[in-house]
Amino acid sequence: QVQLVQSGGGLVQAGDSLRLSCAQSGPFFSSYTMGWFRQVPGKEREFVSYISWRGGVVSYADSVKGRFTISRENDRNSVNLQMNNLKPDDTAVYYCAASPLAVPRPEGDFNSWGQGTQVTVSS
């Protein structure tokens, strides 16, 4: 498990862009795959994207392909989610997550979570 701290989020209009960031906390770090999930009231948590420690494996949910881009900083301790052409359906609480596996299963292999940040897209 790893401690994750998120930043970003906010209120934007449809078609706008937003960037989320997530960083491992503390002076010591592990080689985790990091990803993003989102959740809206009344619905299950939804996988958005993940990226492996060195960026060799990247995955996106079909709903965000072509619009969202996940990336890691050079120090490998932070992950970003660049969200372009946002839609009202993207409105959710977004959670950063980490997995010890290089190719994790979104449904069960992420065991560390950030605090969540609200993204609201107005129509």
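Since we're looking at a predicted model, the values are computed, not measured.
- The CD atom of Gln118 lies 7.0 Å from the OG1 atom of Thr91; values are rounded to the nearest 0.5 Å.
- Contacts of Ala23 classified as side chain to side chain contact (heavy atoms under 4.5 Å, CB included), with partners at least two apart in sequence or in another chain: Ser78.
- Closest approach of Gln24 and Val2 over heavy atoms only: OE1-CG2, 3.2 Å.
- Taking Ser7 as the reference, Ser21 meet the side chain to side chain contact (heavy atoms under 4.5 Å, CB included) condition, with sequence neighbours excluded.
- No donor-acceptor pair closer than 3.5 Å links the side chain of Tyr94 to the backbone N or O of Gln6.
- Atom CD1 of residue Ile70 and atom CG of residue Asn80 lie 8.5 Å apart, to the nearest 0.5 angstrom.
- Scanning all heavy atoms of the two residues, the minimum distance from Gly9 to Leu20 falls at N-CD2, 3.1 Å.
- Note that CH2 of Trp36 and CD1 of Ile51 are 12.5 Å apart. Values are rounded to the nearest 0.5 Å.
- In the hydrophobic clustering (ILVMFWY side chains linked at under 4.5 Å, chained through shared members), Tyr50 is joined by Phe37, Phe47, Val57, Val93, Tyr95, Val103, Phe110, Trp113.
- Among residues at least two apart or in separate chains, there is no disulfide bond (SG atoms under 2.5 Å apart) pair with a member in residues 46-94.
- In terms of the salt bridge (Lys or Arg N to Asp or Glu O under 4.0 Å) criterion, Asp89 has no residue partners (sequence neighbours excluded).
- Residue pairs meeting the salt bridge (Lys or Arg N to Asp or Glu O under 4.0 Å) criterion with at least one partner in residues 41-56, sequence neighbours excluded, are Arg38-Glu46.
- Apart from Leu101 itself, the hydrophobic cluster it occupies contains nothing, where clustering links Ile, Leu, Val, Met, Phe, Trp and Tyr at side-chain heavy-atom distances under 4.5 Å.
- Counting only distance, with no hydrogens or angles, the side chain of Ser99 and the backbone of Asp109 share a donor-acceptor pair below 3.5 Å.
- Between the CG atom of Leu4 and the OG atom of Ser112 there is a distance of 6.0 Å, given to the nearest 0.5 Å.
- For the pair Asp90 and Asn85, the tightest heavy-atom approach, listed with the atom from each and the gap, is OD2-O, 4.4 Å.
- The main-chain N or O of Thr33 is never found under 3.5 Å from a side-chain atom of Arg72 such that the two would form a donor-acceptor pair.
- In this structure, Thr117 and Gly8 approach most closely via the heavy-atom pair OG1-O, 2.8 Å.
- Minimum interatomic distance between Met34 and Cys96 (heavy atoms only, all atoms of both residues): CE-SG, 3.9 Å.
- Across Leu18 and Gly10, no two heavy atoms sit closer than the pair CD2-N, 3.9 Å.
- Not counting sequence neighbours, Ser122 has no partner by the side-chain hydrogen bond (donor to acceptor under 3.5 Å, both in side chains) test.
- Ion pairing between Lys65 and Asp62 holds under the 4.0 Å rule for side-chain N and carboxylate O.
- By the side-chain hydrogen bond (donor to acceptor under 3.5 Å, both in side chains) test, Asn84 is found to be paired with Ser17, Gln82, residues two or more places apart in sequence or in another chain being considered.
- Remark: Gln13 pairs with no residue by the side-chain hydrogen bond (donor to acceptor under 3.5 Å, both in side chains) rule, at least two apart or across chains.
- Qualifying salt bridge (Lys or Arg N to Asp or Glu O under 4.0 Å) partners for Arg19, counting only residues two or more places apart in sequence or in other chains: none.
- Evaluation of the side-chain hydrogen bond (donor to acceptor under 3.5 Å, both in side chains) rule for Ser59 yields no partner, not counting sequence neighbours.
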